[in-house]
Amino acid sequence: MKKIILPSLICLILACSVKENIKQAHNILVIMAHPDDETWLSGTLAKLVDLGQVIVPVYLTSGDKGTDRSGQGLKGGGLAKVRELEAINAAKVLGLSSPLFLRFPDGKLKSHTSKISEQLELIKAQYDPVLTFTFEPLGITGNKDHQAVSKITSDVFKQNVIYFSISNTRATRFIDFASAHDLAFEIKHPINDDGISHFIDVTDYSEKRVKAMRQHKTQFPSKLVAVFSEFSKQQSIEEFIIKDIETKKLFENYIKN
């Protein structure tokens, strides 16, 4: 009898353990416009993964209208295909789930608001996220797709939305740092310092952040990566805007777990 009961008990214990792990792992979505957009919050995402959360990147376009900075002369569909591969590789570095590519036209997200909303509603139902990250309303760089994804995500998810951003102080420091290294870089829409609600220390993730950035060879020239690498050692902070108390509590619980 013992030989029969013991395996049964073991199976029951393992089943309970698996169920408990499923309960502890929460889905967090990151809704972005283009492959490489995760660079703005890569350290925080890697940190959440280490704390046991499941991060699912969602790219609304594949960046087919972008400029290939790798020297390969890629354009259109060819560029989009490579940018998707780069995003997949960056996700692996950061420990994220395989990205979802919705493949809407680059530069025209606002014109496809209704269809994008439908797709995001399906993703929302499938993953039932506890938190959703997206760009702050002005899109940091002023990119129209960044602004569109922020608006659409806010309308679809409504609750527990976190906006990644960059403060005036950090933007100025990076621009000055890049300029000192003979690199022109512009951040059109930084946020007033007092508009940032959460500053996340990602010191322990500097190497991962840089390694993930390196995967985007078509977007980030080696000089920009080198400057970012040096800057991240001095300014190892990522910044967020959270507008309601419940979302603040949830985020603080997951990021400090």
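In this text the structure is predicted, and so the values were computed from the model without any measurement.
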Identify the heavy atoms of S150 and S154 that sit nearest to each other, and give their distance. O-OG, 2.8 Å
Side-chain donor/acceptor of T61 to backbone N/O of F104, under 3.5 Å: no
S206 (side chain) donor-acceptor with T203 (main chain) under 3.5 angstrom: yes
With sequence neighbours left out, which residue pairs that include part of residues 189-210 fulfil the ring pair (Phe, Tyr, Trp, His ring centres under 6.0 Å) condition? H198-F251
Check residues 112-127 and write down every donor-acceptor pair under 3.5 Å in which the side-chain atom is one partner and the other belongs to a residue at least two apart or another chain.
from : atom 1 : to   : atom 2 : distance (Å)
T113 : OG1    : K110 : O      : 2.8
S117 : OG     : T113 : O      : 2.8
K124 : NZ     : V156 : O      : 3.0

Ignoring hydrogens, what is the shortest heavy-atom contact between S97 and P57? Give both atom names and the distance. O-CD, 3.4 Å
Please tell me whether I31 and L138 are part of a single hydrophobic cluster in this structure, the criterion being side-chain heavy atoms less than 4.5 Å apart. no
Between T44 and V202, is the side chain to side chain contact (heavy atoms under 4.5 Å, CB included) condition met? List the steps. CA-CA 6 Å; T44 301; V202 291; 3.9 Å; yes
Residues 196-209 vs salt bridge (charged side-chain N to carboxylate O under 4.0 Å, His left out), sequence neighbours excluded, gives R209-E238
Sequence neighbours left out, what passes side chain to side chain contact (heavy atoms under 4.5 Å, CB included) with K233? Give chain and number order. S229, E230
To the nearest 0.5 Å, atom OG1 of T218 lies from atom CG of D36 at 7.5 Å
Qualifying salt bridge (charged side-chain N to carboxylate O under 4.0 Å, His left out) pairs, either residue in residues 61-76, two or more places apart: none
Donor-acceptor pair, S197 side chain versus I242 backbone, under 3.5 Å? yes
Go through it in stages, so that I can follow the logic: the residues are T39 and F220, the test is side chain to side chain contact (heavy atoms under 4.5 Å, CB included), and I'd like the CA-CA distance, side-chain angles, deciding distance and then a yes or no. CA-CA 11 Å; T39 305; F220 301 128; 3.6 Å; yes
With a 6.0 Å cut-off on ring centres, are F133 and F164 close enough? no
Going from CD on Q53 to CG on L45, what distance comes out if it is rounded to the nearest 0.5 angstrom? 12.0 Å
Return the set of residues passing side chain to side chain contact (heavy atoms under 4.5 Å, CB included) with I241 (not counting sequence neighbours), or none when no residue passes. E136, Y163, S165, I191, I196, K243
With sequence neighbours excluded, give me every ring pair (Phe, Tyr, Trp, His ring centres under 6.0 Å) pair touching residues 50-89. Y59-F101
Rounding to 0.5 Å, atoms OG1 (T153) and CG (L60) come to a distance of 6.5 Å
Smallest separation among heavy atoms of G66 and L79, with atom names: O-CD2, 3.2 Å
Tell me whether S98 contacts the main-chain N or O of I88 through its side chain, where contact means a donor paired with an acceptor under 3.5 Å. no
Which pairs, with at least one residue in residues 85-105 and sequence neighbours excluded, count as a salt bridge (charged side-chain N to carboxylate O under 4.0 Å, His left out)? E84-R103
Can you pull the salt bridge (charged side-chain N to carboxylate O under 4.0 Å, His left out) pairs that have at least one residue in residues 165-184, sequence neighbours excluded? R170-E239
Set of side chain to side chain contact (heavy atoms under 4.5 Å, CB included) partners for N143, sequence neighbours left out: H34, T141, D145, H146
Nearest heavy atoms of P190 and N168, plus distance in Å: CG-OD1, 3.1 Å
What pair of heavy atoms forms the shortest contact from P35 to A87, and how long is it? CB-CB, 3.8 Å
Counting only heavy atoms not in K144, do more than 12 fall under 6.0 Å of its NZ? no
Test side chain to side chain contact (heavy atoms under 4.5 Å, CB included) applied to K211 - qualifying residues, sequence neighbours left out: V93, Q215
Only counting residues at least two apart or in another chain, list the ones meeting salt bridge (Lys or Arg N to Asp or Glu O under 4.0 Å) with K151. D155
